[in-house]
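Keep in mind that this is a model prediction, so the values were computed, not measured. We count ligands from 1, going down the list as the structure has it; atoms in each ligand are counted the same way. What you see below is based on every heavy atom in this structure, not just the backbone, and it leaves out hydrogens, waters and symmetry mates.
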Amino acid sequence: MQLIRYKSTIGNIELALTDGNRSIGRFSSAQTTLRDLLRLPATEFRHSLEEAVQNGKGAEIGTPLAPIDGETEVWAAGVTYERSEVARREESETPDIYSKVYAAERPELFFKANARRAVGQDGRIAVRADSSWDVPEPELAVVSNAYGEIVGYCIGNDVSSRSIEGENPLYLPQAKVYAGSCALGPGITPAWEVPDPYGLSIHMRIERAGKQYWQGETSTSELHRKLDELVAYLYREDEFPDGAILCTGTALVPDHPFTLEAGDVVHISIDRLGSLSNTVVRGKAALK
Ligand code: DO4
Ligand code: MG
C-alpha cells in the first residue's frame, strides 16, 4: 500500500491509497493533506490509513506529485555508506573530514528541500548550470511525524554537484540545495509494511538517448547507521510540526568521469517502495 499525492483531472490536489496503480482507499475528507497526517502520533496515522482503506476505492489517480506538502522539510544524511566515504575522499581537497564523519557518533545531516522544491514521479530534476560534475544519489528516505516517529518510507534522489562540493566542503549547501535538486516518490509506503528496512535492495538505471548508460545496485544492509538514530539526531534540538523526510545517504556513486547530462532519465527502484523516474534538465530556466 502507498499513500499517494496527486493532481486530479479537475486540478485538485488529493491523497489516495494505492496498491501501485489502483486506488484502494480514500480519506473521508478530500481536504486531508499529508501534513495533517504527519501531525498525528504514529498509532493515529495508522488508524487514518486503515480507515481510508475501509472507505473503499477513490477516484482514478491523476498526475502524481511528490509526497510532501505544508511545511514538511526534507533533510539528508551524508557519508552513511562506505562507498560514499570513498567517493567524497576522492573528489575532495580535504579528504579527512569524510573519514572523520563516517566514523563519528554524530552523523552529517543537512537541509535538502521543502515541498516547493521537491518533484515527484516523472517530474524534472536539474543539474546546476554552473557545475561540471553532477550525479543522482538514490537514497532510502524515512518519513517521520511531528513526534519523530518513523511512519513510512519513500525513494529520495539527492541530486548533487560533485564539482562544487569537491572544490570546498563549505560549498555543500550550493552543491545540494538548488531548483530541481530533489525528487521524492512515488508515494509513502507505511512503516508497518516494511518489516526490515535494512534488507532493501536499491537499484539505479540511467538512460541516455533511449539506451541504458549506467546501472548499479546496492542494499540498505550496507548502511553504517541506524535509521532511528539518524531521525533522533534530526529532532534532537529542532521541531518538525509537519514532520520531516530524511534521505539516508547514497551507496551508488557512478565512477568518474560519469556526469549527468540534460535529457538523461534516472530510474531508481527500492524493494517495497516502487520506482521513481525523472528526466534531467540543465539549469533552473529549463525547469519552467
Ligand atoms: O558529505 C556530503 C554529502 C554526502 C551525501 O549526500 C551522501 O553520502 O549521500
Ligand atoms: Mg546524498
Side-chain angles (χ1 to χ4, degrees), residues 73-113 117-119 125-128 131 133-143 153-178 180-185 197-198 200 202-204 206 214 216-227 229-231 233-234 244-256 258-260 266 268 270 273 276 278 280:
E73 293 179 5
V74 185
W75 284 68
V79 201
T80 52
Y81 289 86
E82 196 180 353
R83 173 69 186 115
S84 178
E85 189 259 344
V86 170
R88 307 300 144 189
R89 277 197 282 116
E90 283 167 1
E91 81 194 4
S92 173
E93 288 164 12
T94 45
D96 68 319
I97 60 163
Y98 296 104
S99 34
K100 278 188 187 152
V101 83
Y102 183 70
E105 189 192 326
R106 183 188 291 275
E108 175 197 356
L109 298 177
F110 54 90
F111 177 80
K112 177 66 189 173
R117 289 187 175 94
V119 300
I125 51 175
V127 294
R128 292 182 62 119
S131 167
W133 186 16
D134 304 278
V135 287
E137 293 190 359
E139 305 189 6
L140 169 69
V142 172
V143 182
Y153 301 95
C154 67
I155 300 173
N157 188 348
D158 171 25
V159 191
S160 306
S161 163
R162 294 191 71 187
S163 51
I164 294 175
E165 182 191 337
E167 191 179 333
N168 188 320
L170 295 179
Y171 294 155
L172 188 79
Q174 295 175 74
K176 294 289 190 181
V177 186
Y178 60 88
S181 67
C182 178
L184 297 172
Y198 300 101
L200 306 176
I202 303 180
H203 183 260
M204 178 166 69
I206 298 166
W214 191 92
E217 189 159 14
T218 185
S219 162
T220 54
S221 60
E222 306 286 315
L223 185 62
H224 175 65
R225 303 221 177 232
K226 292 288 171 231
L227 300 172
E229 155 204 319
L230 291 173
V231 173
Y233 263 101
L234 186 63
I245 300 183
L246 177 61
C247 298
T248 56
T250 192
L252 285 177
V253 186
D255 280 326
H256 189 258
F258 173 91
T259 186
L260 280 176
V266 180
I268 302 171
I270 302 187
L273 309 188
L276 175 66
N278 300 96
V280 178

Assess whether a salt bridge exists between [X] and [Y], defined as any Lys/Arg side-chain N lying under 4.0 Å from an Asp/Glu carboxylate O.
X	Y	result
Asp96	Arg88	no
Asp134	Arg162	no
Glu85	Lys100	no

Name of whichever N/O/S atom of [X] is nearest to the Mg ion (ligand 2):
X	result
Glu139	OE2
Glu137	OE1
Asp158	OD2

[atom]: which protein heavy atom is closest, and how many Å away?
atom	result
atom 1 (O) of ligand 1	Glu108 OE1, 2.8 Å
atom 8 (O) of ligand 1	Ser84 OG, 2.6 Å
atom 6 (O) of ligand 1	Lys176 NZ, 2.7 Å
atom 2 (C) of ligand 1	Glu165 OE2, 3.1 Å

- [ ] Find the distance between CG (Leu246) and OH (Tyr233) and round it off to the nearest 0.5 Å.
- [x]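 These two atoms lie 13.5 Å from each other.
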
TODO: State the CG-CD1 distance between Leu234 and Ile245, to the nearest 0.5 angstrom.
DONE: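 One gets 11.5 Å once the value is rounded to the nearest 0.5 Å.
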
Task: Non-hydrogen atom of Glu139 closer than 4.0 Å to ligand 1 - done: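 Per 4.0 Å heavy-atom rule, Glu139 contacts ligand 1.
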
Open item on the list: Taking a cutoff of less than 4.0 Å between a non-hydrogen atom of the residue and any ligand atom, is Leu172 in contact with ligand 1?
Closed with: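 Leu172: in contact with ligand 1 (<4.0 Å).
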
Task: Cation-aromatic face contact Arg128/Tyr178, 6.0 Å, 45 degrees - done: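 Yes, Arg128 sits over the ring of Tyr178.
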
Need the ligand 1 atom indices (1-based, order shown) with element for anything under 4.0 Å from a heavy-atom of [X].
X	result
Gly78	4 (C), 5 (C), 7 (C), 8 (O)
Gly249	9 (O)
Asp158	6 (O)

Open item on the list: Please evaluate residues Glu90 and His256 with respect to the criterion side chain to side chain contact (heavy atoms under 4.5 Å, CB included), reporting the C-alpha separation (whole Å), side-chain torsions for both, the decisive distance (0.1 Å), and the verdict.
Closed with: CA-CA 10 Å; Glu90 283 167 1; His256 189 258; over 6 Å; no

Open item on the list: Checking contacts here: is it the side chain or the backbone of Val101 that comes within 4.0 Å of ligand 1, counting heavy atoms only? Could be both or neither.
Closed with: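 It is neither; nothing of Val101 touches ligand 1.
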
Open item on the list: Heavy atoms only, cut-off 4.0 Å: how does Tyr98 contact ligand 1, side chain, backbone, both, or neither?
Closed with: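 Near ligand 1, Tyr98 shows its side chain, while the N, CA, C and O stay back.
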
Task: Side-chain heavy-atom pair Lys176, Ser181 within 4.5 angstrom cut-off - done: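 Lys176 vs Ser181: side chains apart.
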
Task: Between Tyr102 and His224, ring centroids under 6.0 Å - done: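 When the ring centroids of Tyr102 and His224 are compared, they turn out to be within the sub-6.0 Å range.
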
Open item on the list: Under a plain distance cut-off of 3.5 Å, with no hydrogens placed, do Thr250 and Ser84 share a side-chain donor-acceptor pair?
Closed with: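 Result is no, nothing qualifies.
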
Task: Nitrogen or oxygen atoms of Val79 and ligand 1 under 3.5 Å apart - done: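 Yes, there is a polar N/O contact under 3.5 Å.
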
